[in-house]
Amino acid sequence: MKHDLFRIKDLTKNELLDILDDAQAFASAYQDWQFPQRKLIANLFFEPSTRTHYSFVSAEHQLNCRVENFTAAGSSVEKGESLYDTVKTFERIGYDAVVIRHPQDEYFKELNNIQIPILNAGDGKGNHPTQCLLDLLTIRQEFHQFEGIKMAVIGDIRHSRVAHSIQEAMTMLGGETRFGGPLEWQDGNEAYVSVDELVAWADVVMMLRIQHERHESLMKMSSQEYLERYGMTKVRYHRMQDHAIIMHPAPVNRGVEIADELVESEKSRIFKQMSNGVLVRKAVLKRAFGYSFETEEER
Ligand code: CP
């Protein structure tokens, strides 16, 4: 049986926690686990990526998959072939699963007739489920629970595919999420809290990247002004609670969302998030084919 991963909100709480448990198991007892039957995986990235793309590649190699990386340039996409026909082609020529990042929001709604598992590596401004899962894994490693955890998400909320997924997940798991940042990037009716209040309140402070590539016009503020008004400065760092941590999905605009010298500070978990990305991607690949750690058979 195949298990796609499109959106966090498609998962039940138990399914979400099972993925986190599997990801954690890949860090310890099951670090050498591999697919009993080798899988052929295609990574289809229609948007730039470093972390997501290459942590999927790392996860796939660690699970003993054969891996192909598709780029639209040089493919029949340049002759106008649709996403559906491209993915259907991978299905029909022997691939066992596809990982897709695409600029169109919810591109996967066009792919209902695909028979192989599809793992969403980011759709437009919509969803980034594996990013959300690796963020949750990082929070759970730190606090050992989600109940009562206070999370601040600060920055370019409207263009982010991270902000709403983490809010949905934290709410499902008993945590609380509050947003802050420039009002022109506010999304919907979400109440905003000042950045100074948020950093003192939160257990987890998630700074978001400014998504310049999704903006209709150039940002009016300088980088220095943005940092001072909305970013993680040294002053705000010292307002954080002793136990609180900083996260950022990356890539980081150093000196804009966060002061350069704080990217690898004691409270920062930014590079820890990246390592957790491999564990989570191993867990969702394992789930895609319905394997459990104990059996040799797909379920
Ligand atoms: N966080 C994230 O999705 O990074 P990449 O765009 O490099 O994959």
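Read the numbers this way: they start at 1 and go in the same order the structure lists the ligands and their atoms. If you're wondering where the values come from, they're calculated on a predicted model, not measured in any experiment.
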Arg281/Glu60 salt bridge by N-O under 4.0 Å criterion: no
Which of the atoms of ligand 1 are close to His128, meaning less than 4.0 Å from one of its heavy atoms? 2 (C), 3 (O)
For the 3.5 Å polar cut-off, considering only N or O atoms, please tell me whether Pro251 and ligand 1 meet it. no
Can you tell if the side chain of Gln37 reaches within under 4.5 Å of the side chain of Phe289, non-hydrogen atoms only? no
Taking Arg66 first and then Asp96, would you say they form a salt bridge - that is, a charged N and a carboxylate O separated by under 4.0 Å? no
Give the residue and atom name of whichever protein heavy atom lies nearest to atom 7 (O) of ligand 1, and the separation in Å to one decimal. Thr50 N, 2.8 Å
SB check Lys286 Asp22 (cutoff 4.0 Å): yes
Atom 6 (O) of ligand 1: nearest protein contact (heavy atom, Å): Arg101 NH1, 2.9 Å
How are the rings of His53 and Phe45 set to each other: parallel, tilted or perpendicular (split at 30° and 60°)? parallel
Atom 4 (O) of ligand 1: closest protein heavy atom, distance to 0.1 Å, is Arg51 NE, 3.1 Å
Which ligand 1 atoms are under 4.0 Å away from a heavy-atom of Ala250? 1 (N), 2 (C), 4 (O)
Taking the six-membered ring of Phe6 as reference, does the cationic atom of Lys109 (NZ for Lys, CZ for Arg) lie under 6.0 Å from its centre and within 45° of its axis? no
Out of Ala121, Ser49, Pro48, whose heavy atom sits nearest atom 8 (O) of ligand 1? Ser49
Atoms of ligand 1 under 4.0 Å from any heavy atom of Pro249, numbered from 1 in the order shown, are 1 (N)
